[in-house]
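Predicted model only: the values in this text are computed from it and were never measured. Below, chains carry the letters A, B, ... as their sequence lines are ordered, and counting in each starts from 1.
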Amino acid sequence: MGLKIYNSLSRQLEEFSPLKEGHVSMYSCGPTVYDYIHIGNARTALVTDIIRRYLTYKGYTVKLVQNLTDIDDKIIARAQTLGTSSSQLAHTNGEAYFEDTQRLGIQLADVHPKATEHIPEMIDLIQTLIDKGAAYVVDGSVYYRVNSFNEYGKLSRRKPEDLLAGARVEVDERKEDPRDFDMWKAAKPGEPYWDSPWGPGRPGWHIECSSMAMKHLGETIDIHAGGEDLLFPHHENEIAQSELATGKPFARYWVHVAFLKIDGTRMGKSEQNFIFLRDALDKYPAEVIRHFLISAHYRHPLDYSLESLQKSESALRRLKNCLETLKKYEEETPEVTDGNSSTPRDVSDADTDLLSAIKTMQSQFTDAMDNDFNTAQGMGTIFSLVSQINKALGTSNGVSDQTFTQAYKVLSETCQVLGIYTMDEQDTAGTAEFLNPLLELLLEIRQDARSQKDWDTSDKIRDRLKQLNIEIQDTHEGSTWKFVS
RNA sequence: GGUGGCGUAGCCAAGUGGUAAGGCACGAGUCUGCAAAACUCCUAUUCGUCGGUUCGAUUCCGACCGCCACCUCCA
């Protein structure tokens, strides 16, 4: 079964086949950098990241472009209140965006174009549209003539009369039609501007994405992603501009990510109910936040709460325990490298069972992800395998080290598609190495005390270490320690 | 008013025209000197309500109730 993607344009699940075999071009609408991003913004960025990781896992070569809108009304307004320049503010927040998303484990896109660095391309595109009679100039601003594109509304399924009936459409006497939107905004006094054939001004939001997407990915791109709020008018307008200019389909698959909610309503900057991603990252590990954000299908709303994050933390602990146990197995197993790996060895029933469970997980995980990137379901398959591995680990019923090694390999690779298991050593690793001999000594002393039933000493060591965030774990194979928070 | 979506156990959340994945919590157990940690097991005759189609519906259709979003800058 191949990959299916829900295409907002057709409102259907479609078989995915890229324009150029083996290659996928993907554009994701990035942030307007007038502030830090919140967790809701992060959801879209994360979904994009996972789609890209999965396509790569499937063997595609993916080119991902994600823009930065670094000039717009909000940036100008915010810069004024902060007493800084728009470009400085955009630069600072742009850097913060990269910092935050990378902390979340989101890989950098192949290109992160900035609007202000593509003004000539935008001017060209606007000129093309004017030449085609699809735009008109009024007082130094350029408007797109919606009436000139008869497919307008095909993405959002909005009819002209519906739009007009809304009564919330901005009234601007200078427009021929209330639906027309600006591609070039004439600069008001004091605003930053770029020169253009129509006078000083700045690009409109929609033209930015049209022109940057086409510049970096060509006239037709495979996947265009963004938050569901962008469907109208942003994406509708991108289509109108791009398709009228080129006469070709702009994007073949439109992917829209549902909102992150908080207390049942949308998390949004205007609602003032958001939580900055960086603040969340200060409290929870990146994998926990990732786990939470992908615990529901991307087209379904997800409600943010501390409780949900705690659930993710617990779930992830279960996964990590399993992975770490398997990893130890691998380290303790000398690699058999006789150059001929087909050496026959005894394969027990238990091996066969676990090996088949691993295969089942792989195919079910792929099925889940092939079904419009169903991360929630994919996660389910991962945890089912964890359960089976734990059983095998617990019973020591003759599962070979090689099988556990295989389990570790497959499980960790699968988790990495979702980005919920990083093999990077924790920053505590160095400290742990230093402390280990000391702790070994303490554990030894404690063990002596326990042998003599000196519970006071034994418990004192345990309790005092606990106060230092070091937890002693007594197992049947002796005592171990680890950091807890 | 127009458009789209959602309602599944205590909570979160997949899913299918043929009888409900997974996670968290709870409870029980294994281990332990006691704990903790870890692991195992257990938990929905039922999928908002009412009708209809069907041999059979949670899944399809209709109505209703409740919730959310977009139509204005927002991922």
Side-chain angles (χ1 to χ4, degrees), chain A residues 8 11 28-32 34-35 37-48 72-74 77 153 156-159 161-170 179 205 225-234 236 256-261 264-271 274 291-292 295-297 299-303 305 307-319 321-322 325 364 368 371 374-387 389-391 393-395 450-451 453-455 458-459 462-463 466 471-477 479-482 484:
Chain A
S8 304
R11 307 263 166 105
S28 172
C29 283
T32 298
Y34 68 97
D35 205 345
I37 61 160
H38 62 240
I39 308 186
N41 300 312
R43 187 182 189 191
T44 306
L46 181 58
V47 168
T48 303
D72 97 315
D73 293 351
K74 284 191 174 176
S156 57
R157 310 269 164 112
R158 286 168 216 275
K159 300 183 190 76
E161 53 271 30
D162 297 339
L163 291 169
L164 298 175
R168 285 160 81 186
V169 177
E170 172 192 347
R179 297 174 301 158
W205 178 33
E228 63 176 341
D229 53 336
L230 299 189
L231 194 136
F232 188 88
H234 187 53
E236 191 73 66
H256 288 98
V257 181
F259 286 130
L260 183 69
K261 305 196 295 178
T265 56
R266 171 185 183 172
M267 182 181 287
K269 288 190 175 163
S270 337
E271 284 82 355
F274 55 84
H291 175 96
F292 162 67
S295 64
H297 184 91
R299 278 191 288 112
H300 291 310
L302 176 65
D303 214 321
S305 71
E307 200 193 343
S308 294
L309 244 26
Q310 280 157 5
K311 285 175 186 169
S312 286
E313 191 170 38
S314 301
L316 224 39
R317 192 158 43 224
R318 177 175 160 82
L319 215 206
N321 284 333
C322 177
T325 310
Q364 288 182 344
N371 189 214
N374 196 329
T375 51
Q377 197 174 26
M379 203 95 78
T381 68
I382 289 174
F383 277 92
S384 296
L385 179 61
V386 165
S387 176
I389 291 170
N390 282 337
K391 268 178 250 178
L393 244 17
T395 53
R450 294 178 75 204
S451 319
K453 297 193 193 298
D454 178 3
W455 309 129
S458 151
D459 290 350
R462 185 172 71 194
D463 296 344
K466 180 81 188 192
E471 187 174 85
I472 289 184
Q473 291 160 0
D474 296 326
T475 69
H476 34 280
E477 284 150 11
S479 304
T480 58
W481 67 277
K482 71 168 185 181
V484 291

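A/F259 is listed as a side-chain neighbour of A/E228, based on a closest heavy-atom distance under 4.5 Å. In this structure, A/R157 and A/R11 have side chains that are in contact, with non-hydrogen atoms separated by less than 4.5 Å. Using a 4.5 Å heavy-atom cutoff, the side chains of A/R317 and A/N321 are in contact. Between A/L319 and A/H291 the shortest side-chain heavy-atom distance does not fall below 4.5 Å. Using a 4.5 Å heavy-atom threshold, the side chains of A/P31 and A/N41 count as separate. Side-chain contact between A/S295 and A/L302 is present, with at least one heavy-atom pair separated by less than 4.5 Å.
Residue-level contact check: A/I37 touches neither bases nor backbone, having no heavy atom under 4.0 Å from any strand. A/S387 comes within 4.0 angstrom of sugar-phosphate atoms only, judged by non-hydrogen atoms across all strands, and of no base. Contact annotation for A/F259: base contact, defined as any heavy-atom pair under 4.0 Å involving a base atom. Note on A/G226: only backbone sugar-phosphate atoms sit closer than 4.0 angstrom, heavy atoms only; bases stay farther off. Contacts of A/S28 with the nucleic acid, taken as non-hydrogen atoms under 4.0 Å apart, are absent. A/K74 comes within 4.0 angstrom of a base, heavy atoms only. Counting non-hydrogen atoms under 4.0 angstrom, A/L231 reaches nothing in the nucleic acid. Contact annotation for A/A258: base contact, defined as any heavy-atom pair under 4.0 Å involving a base atom.
Here B/rA69 presents its P atom at 13 Å from CE of A/M267, a figure rounded to the nearest Å. The CG atom of A/N321 sits 15 Å away from the C1' atom of B/rG23 (whole-angstrom rounding). The interatomic distance linking A/R157 (CZ) with B/rG4 (P) rounds to 8 Å, in whole Å. As rounded to whole Å, 15 Å separates atom C1' of B/rC31 from atom CG of A/L393. In this structure, the CG atom of A/L230 is 13 Å from the C1' atom of B/rA69, given to the nearest Å. To the nearest angstrom, P of B/rC24 lies 14 Å from CD of A/Q310.
Interface remark: the A/S270 side chain does form a donor-acceptor pair with the B/rC73 base, using a distance-only criterion of under 3.5 Å. The base of B/rC68 lies outside donor-acceptor range of the side chain of A/K261, with no N or O pair under 3.5 Å. No donor-acceptor contact under 3.5 Å links the side chain of A/D474 to the base of B/rG33. You won't find any donor-acceptor pair under 3.5 Å spanning the side chain of A/S314 and the base of B/rG23, going by distance alone.
If you take atom P in B/rG7 and the same atom in B/rA37, they sit 35 Å apart, rounded to whole Å. Rounded to a whole angstrom, the distance from the C1' atom of B/rG33 to that of B/rC26 is 28 Å. Here the separation of B/rA38 from B/rC47, taken at their P atoms, is 35 Å to the nearest Å. Going from the C1' atom of B/rG5 to that of B/rG48 covers 15 Å, rounded to whole Å. Straight-line distance between the P atoms of B/rU45 and B/rC11: roughly 14 Å, to the nearest whole Å. Atom name C1', nucleotides B/rU8 and B/rA44: the rounded distance is 9 Å, in whole Å. Look at the P atom in both B/rC65 and B/rA57: the space between them is 25 Å, to the nearest Å. To the nearest whole angstrom, the two P atoms, one in B/rC71 and one in B/rU58, are 37 Å apart.
Among the nucleotides B/rG33, B/rA75, B/rC71, the one closest to any side-chain atom of A/R43 is B/rA75. Nearest to the side chain of A/Q473, among B/rC73, B/rA38, B/rA37, sits B/rA37. When each of B/rA69, B/rA75, B/rG4 is scored by its nearest atom to the side-chain atoms of A/E228, the top-ranked nucleotide is B/rA69. The A/R462 side chain lies nearest to B/rC34 when the options are B/rC34, B/rC73, B/rA36. Side-chain proximity of A/S458 to B/rC71, B/rA38, B/rG33: nearest is B/rG33.
At the phosphate of B/rG23, OP1 or OP2 sits under 4.0 Å from a side-chain N or O atom of A/R318. Regarding contacts with the backbone of B/rU40, a side-chain N or O of A/N390 is found under 4.0 angstrom from either OP1 or OP2. At B/rC41, one or more side-chain N or O atoms of A/K391 fall inside 4.0 Å of OP1 or OP2 (strictly under the cut-off). Dashed line: the shortest gap from a side-chain N or O of A/R317 to OP1 or OP2 of B/rA38 is under 4.0 Å. A/R266 has a side-chain polar atom (N or O) that falls below the 4.0 Å cut-off from OP1 or OP2 of B/rC70.
Between the side chain of A/Q364 and the main chain of A/T381, no donor-acceptor pair closer than 3.5 Å is present.
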* Whenever both distances are under 3.5 Å in a Watson-Crick or G-U wobble pair, mark it; put RNA chain B into dot-bracket that way, with [ ] for crossing pairs and | when the partner is on another strand. => (((((((..(((.....[...)))..((((.......))))......(((((..]....))))))))))))....
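For the atom pair A/E236 CD and A/R179 CZ, the distance stands at 10.0 Å (nearest 0.5 Å). The CD1 atom of A/I37 sits 7.5 Å away from the NZ atom of A/K269 when rounded to the nearest 0.5 Å.
The minimum heavy-atom distance between A/L260 and A/R43, with the atom names listed, is N-NH1, 4.1 Å. Here the closest heavy-atom approach between residue A/A225 and residue A/T48 is recorded as CB-OG1, 4.2 Å.
Under the stacking criterion of a centre-to-centre distance below 5.5 angstrom and an interplanar angle below 30°, A/W455 sits stacked against the six-membered ring of B/rG33.
The ring pair (Phe, Tyr, Trp, His ring centres under 6.0 Å) check on A/H38 picks up A/F274, with sequence neighbours excluded.
A salt bridge between A/D463 and A/K466 is absent, with no side-chain N of the basic residue lying under 4.0 Å from a carboxylate O of the acidic one.
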* **Reading 5' to 3' through nucleotides 9-15 of chain B, protein heavy-atom contacts under 4.0 Å coded B for base, S for sugar-phosphate only, - for none** => --BSSSS
